[in-house]
Every structure is written in C-alpha cells, then in structure tokens.
Amino acid sequence: MTPLYSPLNPPHKALSGQDKHSFGYTTLQSRLPVIVSKIVDDVYRAYNGLSDSDPLKKEKEQEAKKIIELIGGLRYELQRDKPFRPFTDSREDVEEWNQALAEYYPTSSWYKASWLFSECYLYRRVKEAFALTQHWKDYDPFFEQKQTVFKSSQKAVVSMAVQLTTPVDPKTKKSMLDIKVQDGPESKGTRDAFFEMVQVSLWGNATDLSLLDNPDLAKIEELQRRMLSSGSSNNSSANASPAASTVHVDQVAQDSPEEHASELEKHADKILSNDSELLWSKVKSLRNGRVDIILDNAGFELFVDFVFADYLVRAGFASEVVFHAKRIPWFVSDVMPFDFQWTLDQLHRPTSSTSDNTPPTNFFNPTDPIEQQALQDVGKKWQDYVNNGIWKVTSHEFWTSCYSFYHLPTHPSAQDLFQDMRQSDLWIFKGDLNYRKLVYDCKWPTTTPFTKAIGPLGDGENKAEGVPVVVSFRTCKADVVVGLAEGVEEKMDKVVDNWMVNGEYAVISVSP
Ligand code: F6P
Ligand code: MG
C-alpha cells in the first residue's frame with residue numbers, strides 16, 4: 001500500500017530551519033531577509049520612477065507604500081519566527097494554501113515548519129502584498145534583477161547563438177549544430193551533440209539569483225564560460241572578428257580531440273551522479289515525441305533550455321516541447337510566462353528601427369554583424385517554433401503550491417495538469433527547487449536510488465500510471481542529494497565543506 005505522505009509526514013525527516021547547521025537555517029536566517037529587503041528597494045525605485053504625467057500616480061504611490069509596509073512586516077515575522085498566518089488576497093490558490101496551513105501548520109512558524117514549506121510560504125506571501133493592490137497586481141519585483149543578469153550573459157548567449165545558426169559550410173549554409181545532427185538521430189554527431197547539450201542545460205542552473213544574494217557578474221561569466229565548447233569558441237565569442245566567425249567546417253572536423261577538450265569536459269567530474277547515458281538510450285529512440293520541460297530560472301538558464309529544446313526538435317526527437325513556467329514571482333529568478341516571451345523578444349527584435357514599426361531593442365549589442373545576425377536568427381527560429389505550436393509555454397498553480405511532486409498524480413487540483421502531462425514522453429525537471437520537490441526535501445541517505453526517492457514518479461511498485469521517463473538536471477544548492485555511489489559523500493565531505501549547497505556540483509538523474 002502507498003504510504004500516506006504529507007508535508008507533515010515525508011518519507012524521511014524533513015529538512016528544516018530548526019537544524020542550525022543546515023542550509024535551511026542559513027537561508028531563513030540570512031538569505032531570505034536580504035531577498036525580501038531587495039523587494040522593498042525595488043518597489044521604492046519603481047514608484048519613485050513614476051511619471052508626473054501619469055494620472056494614476058497618486059493611487060499607485062499609495063499602493064506601493066502599502067506593499068512596502070506589508071513586505072516590511074513579512075521580514076519582521078520571518079526574523080522573529082512569528083506564527084504563519086492565513087492569506088487574505090483573492091487569488092485562486094488562496095483556499096488551498098489556507099487549507100494546507102490549517103491542516104499541517106496551524107500554530108507553526110518559519111523555523112519550526114519544514115524548510116520547503118516556509119520558503120514556498122514566503123514567496124506566496126510576497127505575492128499577496130502585490131495581489132491586494134489594483135495597480136501592482138501583476139508586478140514582478142524580481143524582473144529588474146532577472147534582466148541585469150541576463151544582460152551580463154551576452155558573451156555566452158552570443159557564442160551559443162552563433163553555434164546554432166551561423167553557417168559554417170558555405171555550400172549548404174548549415175550551422176555547427178545542423179552539421180552535428182545531419183546524419184540522423186542515431187549518428188555519432190547527434191549523440192555527441194546530445195551530451196554537450198545536456199551539460200549546457202545542466203550548468204545553466206548554476207547561475208540562479210536566489211543563491212547569489214549579491215549577484216557577482218564576474219562569477220556568473222566564469223560559470224558560463226564552462227559551457228562554451230571549443231567548437232563554438234573557435235569561431236565565436238563576443239570578441240571574435242567577423243572573419244573568425246566564418247570558420248570552415250573542415251577545420252572543425254580536423255581539430256584534434258585534445259583541442260576539443262572543452263570547458264564542459266573539464267567540469268564533468270563535478271557531476272556527482274550522471275545518468276546521461278541512460279537518458280540518451282531513451283531519447284535516441286524518440287521520434288517526433290513530446291517533451292515537457294519544467295522550467296526553473298529565467299535569463300541565461302532559460303536561454304540554454306531553449307538551446308536544448310531546439311536540439312531535440314532539430315534532431316527529430318521531439319515535435320512538441322511544452323515549457324512549464326510559474327504563475328507568480330517565485331524563488332527570485334524562476335521563469336514566468338512573461339519572461340518566456342520577453343526573452344524571445346530580446347533576441348529577435350532588431351537593434352534599430354525597422355519599417356514595420358517593431359520597437360527596437362538594444363538589449364544585447366554585439367558589435368560584430370555576424371553575431372547580431374545570429375541572435376536575430378536564433379530568436380526568430382524559436383519564435384517560429386512558438387508560432388507553429390512546436391513550442392508551448394504553460395503554467396499551473398500546482399508548481400507554486402506547497403506540495404512536493406509526490407502529489408502531482410493524485411492531488412485534486414493538479415488533475416488537469418497531470419492528465420495533460422501523461423501525454424508526454426519525457427519530463428525534464430530543471431534546477432534545485434524542482435529537485436527538492438521531486439525527492440520531498442528530506443534526509444535521504446545519499447546512496448538512495450533517484451527512482452526510489454521520487455516515490456510515485458519513480459519506477460517502484462507505487463509508480464503512478466502514465467508517468468513517462470523523469471529526468472532532473474540540477475546543480476546542488478540544498479542539503480539533500482540522492483543517487484550517489486557508495487563512498488562519494490564521504491569523499492566529498494573530506495574535500496569540500498559545503499559541496500551539497502554551493503552550486504559547484506551537480507547531478508543528472510533519470511528514472512526510466
Ligand atoms: O533558497 C533555497 C533554494 O531552494 C536553494 O535550494 C536554491 O539555492 C534556490 O533556492 C533555488 O535554486 P533553483 O533556482 O536552482 O531552483
Ligand atoms: Mg529557481
């Protein structure tokens with residue numbers, strides 16, 4: 001019989017801020033207050049920037065002051081470990097949140113409850129402060145941060161765009177990626193590209209904003225450098241000259257394997273559990289399948305998710321990719337549907353005015369015309385996928401509920417989501433929070449098989465009917481990890497203090 005797991009009864013002891021040595025404690029103690037203070041700064045800047053000619057300026061200002069007051073109160077409650085209180089806005093998820101509070105945590109508070117619950121509750125409370133207003137209902141207080149960090153990713157973004165779209169073969173006009181996948185789904189080129197794409201998508205998760213309380217843009221750039229394969233850096237970079245951008249395909253083919261030892265490979269040993277071979281064995285047999293990507297962060301991570309999704313389509317594995325975004329601002333940098341379209345717009349909208357009245361964007365401004373073209377081409381290609389229904393973006397309240405994904409198959413309000421997702425061949429969960437929700441954010445022995453730790457989504461006897469292959473690409477930022485070989489935990493403990501949470505290590509986990 002399936003055990004009745006609930007937020008109060010996870011499969012193992014829940015991670016919680018009660019443990020002073022845990023990352024949950026550090027998060028509640030130091031990280032979340034900073035995040036919350038930044039919201040206040042952001043709203044303050046936003047209302048100070050309101051135009052005098054705005055007839056609603058006064059009303060907006062008053063509402064903004066109210067938001068600041070509520071967010072200040074939230075910070076106070078968090079820092080004094082005050083009891084949770086029910087929600088008072090009228091979003092459609094209020095009843096469910098209030099039921100959960102009443103059932104699991106009627107008298108509990110931030111440090112006493114599970115870390116997962118407290119943290120989700122915080123972001124939902126932030127939403128409440130905006131939802132109670134008329135003019136700031138849809139405001140995303142993290143948008144500016146998302147933008148800044150994405151802008152700082154120009155080098156890596158441009159480099160990848162070139163690899164994806166710039167012709168390297170003058171005769172066929174094929175790009176580097178086209179050439180890699182041209183011999184079909186079972187070819188060596190397609191396989192090699194797959195392993196590269198998986199790692200690119202994985203390390204994209206290293207740059208999220210909630211971990212980087214004070215985003216250090218140089219550090220982000222360094223993290224992104226590891227994703228640029230020598231194949232791309234040969235012929236592209238923000239500094240590359242136009243001539244360098246037309247490297248001939250034969251030159252790529254002739255490079256020695258050593259020259260191709262990419263930054264990615266150098267970081268391969270940081271993937272502590274790597275099921276990508278198993279994933280490849282599943283993906284290579286897909287033809288025109290459906291892949292669902294449960295997104296994590298906006299900005300650079302979303303860009304590389306697009307890169308991976310594009311690969312799946314071009315290689316013939318998927319003819320439909322469904323991206324799942326969050327409906328409310330979540331864990332600072334998570335993708336909302338607005339971010340999805342905004343990101344595409346920054347790529348394919350021209351940098352100077354055109355005849356068709358499309359407003360120009362100067363978001364990325366590479367000086368090399370070939371790089372400018374690459375951004376436009378890649379953005380246009382992806383926009384076409386959206387326009388033609390090959391890529392879809394959707395969102396559901398379940399992703400911002402307090403529930404772990406054990407509840408996806410059975411939770412009453414997630415039934416429409418689950419029934420739809422059952423049509424898929426592959427679910428790819430991106431990032432740390434999705435991982436925590438997959439494994440119920442509790443203290444599993446690190447050698448527990450992933451497929452066991454994800455309960456009904458795994459392949460044990462309690463597997464829910466219709467769940468396809470489940471994959472997680474996650475850099476480790478919380479003190480839970482499973483799927484490690486015997487001895488890995490002990491070895492890591494000896495070398496790095498905070499390896500489970502510092503975002504430097506990663507896992508690629510698959511449940512077949
Ligand atoms: O704040 C805690 C946390 O959940 C960490 O586990 C992680 O650092 C971050 O928030 C979210 O990370 P990600 O964007 O990868 O889900
Ligand atoms: Mg995130």
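One-based numbering, in listed order, for ligands and for the atoms of each.
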Under a plain distance cut-off of 3.5 Å, with no hydrogens placed, do [Y] and [X] share a side-chain donor-acceptor pair?
X	Y	value
Thr400	Arg124	no
Glu504	His267	no
Lys151	Thr148	no
Ser333	Gln145	no

Side chain, backbone, both or neither: the part of [X] lying under 4.0 Å from ligand 1 by heavy atom:
X	result
Phe429	neither
Arg474	neither
Thr27	side chain

Say whether Arg436 and ligand 1 are in contact under the criterion: heavy-atom distance to a ligand atom below 4.0 Å.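 Per 4.0 Å heavy-atom rule, Arg436 contacts ligand 1.
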
Trp115: heavy atom below 4.0 Å from ligand 1, yes or no?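 Flag set, Trp115 near ligand 1.
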
Has ligand 1 got any nitrogen or oxygen that is less than 3.5 angstrom from a nitrogen or oxygen of [X]?
X	result
Arg31	yes
Asp296	yes
Ser333	no
Leu433	yes

Ile294 to Asn434 - nearest heavy-atom pair and separation: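 For Ile294 and Asn434, the tightest heavy-atom pair comes out as O-ND2, 3.2 Å.
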
Taking all non-hydrogen atoms of both residues into account, name the closest pair between Lys437 and Trp399 and its distance.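 Reported closest heavy-atom pair: NZ-O, 3.6 Å.
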
Would you say the side-chain atoms of Thr343 pair up with the backbone N or O of Asp339, donor to acceptor, closer than 3.5 Å?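 Checked: pair present.
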
Side-chain ion pair, Asp89 and Arg91, N-O less than 4.0 Å: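 No, this pair does not count.
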
Counting backbone and side-chain atoms alike, is an N, O or S atom of [X] positioned under 2.8 Å from the Mg ion (ligand 2)?
X	answer
Asp334	yes
Asp296	yes
Asn297	yes

Considering the heavy atoms of [X], write down every atom of ligand 1 situated less than 4.0 Å from one of them.
X	result
Asp432	4 (O), 5 (C), 6 (O), 7 (C), 12 (O), 13 (P), 15 (O), 16 (O)
Phe331	4 (O), 10 (O)
Ala478	6 (O)
Asn205	15 (O)

Pairs involving residues 471-512, ordered by first then second residue, that meet ring pair (Phe, Tyr, Trp, His ring centres under 6.0 Å) (sequence neighbours left out):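 For residues 471-512, and leaving out neighbouring residues, the ring pair (Phe, Tyr, Trp, His ring centres under 6.0 Å) pairs sorted by first residue read Phe308-Phe473.
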
Would you call the rings of Phe84 and Tyr105 parallel, tilted or perpendicular if under 30° counts as parallel and over 60° as perpendicular?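 Ring orientation, 0 to 90° scale: perpendicular.
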
